[in-house]
Amino acid sequence: MNLDLTWRLLKGGGRKGMLGTWLTLGAVAVSTALLLFAVAANFAFEARSERGAWRNPVPAKENAVAVEAARFDFVGDQAITVIDLAALKAGAPAPPGMPRFPAPGEVWLSPALAELARTLPADQLAGRYPGPKGVLGDEALVHPGELVAVIGHRPDAPAMTAARSDDWIIGKGPARVADLAGTPSEDSEAYRALTLVASVLMVVPLLVFGGAAARLTVARRDQRLAALRLVGATPGQVIRMTVAEAVIVALAGALLGAVGYAVAAPLLARIPIGGGAWFVSDLFPSPLVLAAMLVAVPLLVGLSAVAGLRRVVVSPLGVAKRETPPGMKFVRVLALLAVLAAFPMLTRGTSVAVVAVALGLAFLCINLAGPWVVGIIGRVTAKSARAPARLLAGRRLVDDPRSAWRTVSGVALTGFVAGFLGLLSPGAFAGDQEPPQLRVSAPAAQATAVAGQARDRLRAAGITATVEVTGRSSDRVVVAALGSSAGPATIDRARTALAGLVPGRTPTTGDDDRRFGMQLLADVRVGTIVVLSVSFLVAIASSGITAASSVLDRRQTYGLMRLAGTPLEVLDRARRAETLIPLTVMGGGAILVGAFCAVPFMIGAMNVVGVVTLLGCVAVGFGGVIAAGALSRPLLRSVTTDPAPRPD
């Protein structure tokens, strides 16, 4: 019976009544699609980590079947992962993506590396990996465009017995392994930690937006349900009707959002992070996660709708009489201040999970304190008003600060994200420009002989270079200075000529040595753009939808004011002031809170990129809110043109 009555009331609301339902459906669809993206990113990095684990060998305590080592080679500005393998027993397990264990002397290349070897001159790349035996399958690759080479050796070959560096950024030394099931590498763990933090920065505003979607056109629904209470409906019937309406609409929106995400996944897979794009399958969460999301989103919307029914259930007469709800308590601000006071301690030497929880708490407390601050802003605005529009805006902020906060909360919470990310220093690993030279370490006793071999190889390749030995430790460094005129092609030719000069070690430039740090910070920049893009999309969608919803909620008031002679321009100006005044205060405050939370994670001083990012966010946020609010102006004109009584 409740479902039937709910459906009749929905249809009876007329065209504008159904518009509110469509707004809720659209808001839930956007929230679900972006929520799936934020959650799926974690599973995508986990999938990458699992596929690349076989290159991070776990030494065997007994029953070793193979020796495995890993190092990085370079071509141009790209890194090549080189895996050296040697079987200790017959029937050693095949590495992922290969039909069998590589025999000594065999070379297998990833598709992208094989294509690059065919494209570049042989003395720049192919000469390092002669006669490739086959192409690796996707199971061996972290991402589709990854450059990987697998080289088979004998167990007593110099590449499998010579000592290597213990620095994991350079590679992994030879290890006797019982199988090829390794552990996630250190860099993949770093990316997963950063992704968890980024997910919190995206998920919390999305949950707030999803919860606010349940409160769209809340005034119209409150009046309708209060009328039912006054004619005899029980609180249980009112709650069941509200849950039914909210959950049905939210479920349809969630399904629509899931379909939208599936359609957008191939485009999202092109976002380059960690050295390349993604396998599309990585971006699809498991069916269990998807099902949990499709249950959780309608449940959240239903709970949020029920939470907003307190006024109707407790005092339906008050709703009918349009009484102002009781004011909010200062304890909301105290909660925010308490979290900020504890934040530096929560993030000091603790796990990433604790940091993520601390960030989420800061987010939620901003959302908790926001309506209280908006109410204060409204009182100040009303008292200082010198024009009708400003006075109207101030009074509305005082009468319903929660509704005003819903309009600006998206951009305000995005300000927190911008302030947090703006303080990070993307240029911390940038090194000084130096003349092109290749360096390779060699045992002290062999350094002079290695330097002589390097001169011979470079001379035979037609490369002019000055070779010398530096350092005084047990490992000396053989340096080949290529001259200031050497370009990327000459450096690659020199790399090819010096390949295998010292078994298991790769000649590198200064940029090669800093490549992991530069790659990580480049990915931080990409991640910042992605997080801010998602946040702004949520913020602008939230502003536009809540602005239209607010017009529908107040259409009777607007209509009566037009009948009383208030110009449409005054009403529209009041709407803009009602949005921009709290946005300026709350947006600025949220940026400061975000910057405060970022201080423990800063690497060096804030640089120009951070300042530009922050200012750009402020400009885009204000512009987006103004544009989203302007889109609802035709709706305002429509509802004030014909103020006749509506069916609802």
Please determine if Glu146 and Arg51 form a salt bridge, counting it only when a charged side-chain N lies under 4.0 Å from a carboxylate O.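 No, this pair does not count.
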Assess the residue pair Tyr261 and Leu35 against the criterion (side-chain contact (heavy atoms from CB on, under 4.5 Å)); give the C-alpha distance rounded to whole Å, side-chain angles, the decisive distance to 0.1 Å, and a yes or no. CA-CA 9 Å; Tyr261 175 75; Leu35 198 59; over 6 Å; no
Measure the spacing between [atom1] of [X] and [atom2] of [Y] and express it to the nearest 0.5 Å.
X: Leu458; Y: Thr466; atom1: CG; atom2: OG1; value: 10.0 Å
X: Met293; Y: Leu288; atom1: CE; atom2: CG; value: 11.0 Å
X: Met98; Y: Glu139; atom1: CE; atom2: CD; value: 12.0 Å
X: Thr161; Y: His153; atom1: OG1; atom2: NE2; value: 10.5 Å
X: Arg176; Y: Met160; atom1: CZ; atom2: CE; value: 10.5 Å
X: Gln124; Y: Ile491; atom1: CD; atom2: CD1; value: 11.0 Å

Side chain to side chain donor-acceptor pair (under 3.5 Å) for Asp73 and Thr506? Distances and angles first, verdict last. CA-CA 6 Å; Asp73 192 3; Thr506 302; 4.9 Å; no
Could you tell me which non-hydrogen atom of [X] sits nearest to which non-hydrogen atom of [Y], and how far apart they are?
X: Ala87; Y: Phe101; answer: N-CE2, 3.4 Å
X: Tyr191; Y: Gly274; answer: OH-CA, 3.7 Å
X: Val297; Y: Ala254; answer: CG1-CB, 4.2 Å
X: Cys597; Y: Leu340; answer: SG-CD2, 4.0 Å
X: Val478; Y: Ala442; answer: CG2-CB, 4.4 Å
X: Ala112; Y: Gly145; answer: CB-O, 3.5 Å

Can a donor-acceptor pair be found, under 3.5 Å and without considering hydrogens, that links the side chain of [X] to the backbone of [Y]?
X: Asn63; Y: Ala178; answer: no
X: Asn56; Y: Gly182; answer: no
X: Ser188; Y: Ser49; answer: no
X: Glu106; Y: Ala103; answer: yes

State, yes or no, whether a side-chain contact exists between [X] and [Y] at a heavy-atom distance under 4.5 Å.
X: Leu141; Y: Asp138; result: yes
X: Thr509; Y: Phe74; result: no
X: Glu189; Y: Pro184; result: yes
X: Val502; Y: Val450; result: yes
X: Val65; Y: Pro93; result: yes
X: Ile273; Y: His143; result: no
X: Asp187; Y: Gln519; result: no
X: Val142; Y: Arg55; result: yes

My understanding is that only one of Leu136, Ile80, Val135, Val82 makes a side-chain contact (heavy atoms from CB on, under 4.5 Å) with Leu113; could you say which?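 For Leu113, the side-chain contact (heavy atoms from CB on, under 4.5 Å) test succeeds with only one of Leu136, Ile80, Val135, Val82, which is Ile80.
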Hey, which of Val39, Leu36, Asn42 is the one that makes side-chain contact (heavy atoms from CB on, under 4.5 Å) with Pro285?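 Running side-chain contact (heavy atoms from CB on, under 4.5 Å) over Val39, Leu36, Asn42 with Pro285 returns exactly one hit, Leu36.
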For the residue pair Thr496 and Asp123, confirm or rule out a side-chain donor-acceptor distance under 3.5 Å.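 No, Asp123 and Thr496 have no side-chain donor paired with an acceptor closer than 3.5 Å.
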Any side-chain donor paired with an acceptor under 3.5 Å for Thr508 and Asp513?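 Side chains of Thr508 and Asp513: pair found under 3.5 Å.
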Verdict with supporting geometry, Arg118 and Leu109, side-chain contact (heavy atoms from CB on, under 4.5 Å): CA-CA 12 Å; Arg118 284 192 293 269; Leu109 304 180; over 6 Å; no
Kindly say whether the aromatic ring centers of Phe45 and Trp278 come within a distance under 6.0 Å.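 Yes, close enough.
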Taking it one step at a time, do Arg71 and Arg505 satisfy side-chain contact (heavy atoms from CB on, under 4.5 Å)? CA-CA 7 Å; Arg71 62 184 170 88; Arg505 302 189 185 190; over 6 Å; no
Under the side-chain contact (heavy atoms from CB on, under 4.5 Å) criterion, do Val75 and Leu147 qualify, and how do the steps go? CA-CA 10 Å; Val75 56; Leu147 306 181; 4.1 Å; yes
Surrounding CZ of Arg455 (heavy atoms of other residues, nucleotides or ligands, distance under 6.0 Å), is the total greater than 12?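 More than 12 within 6.0 Å, yes.
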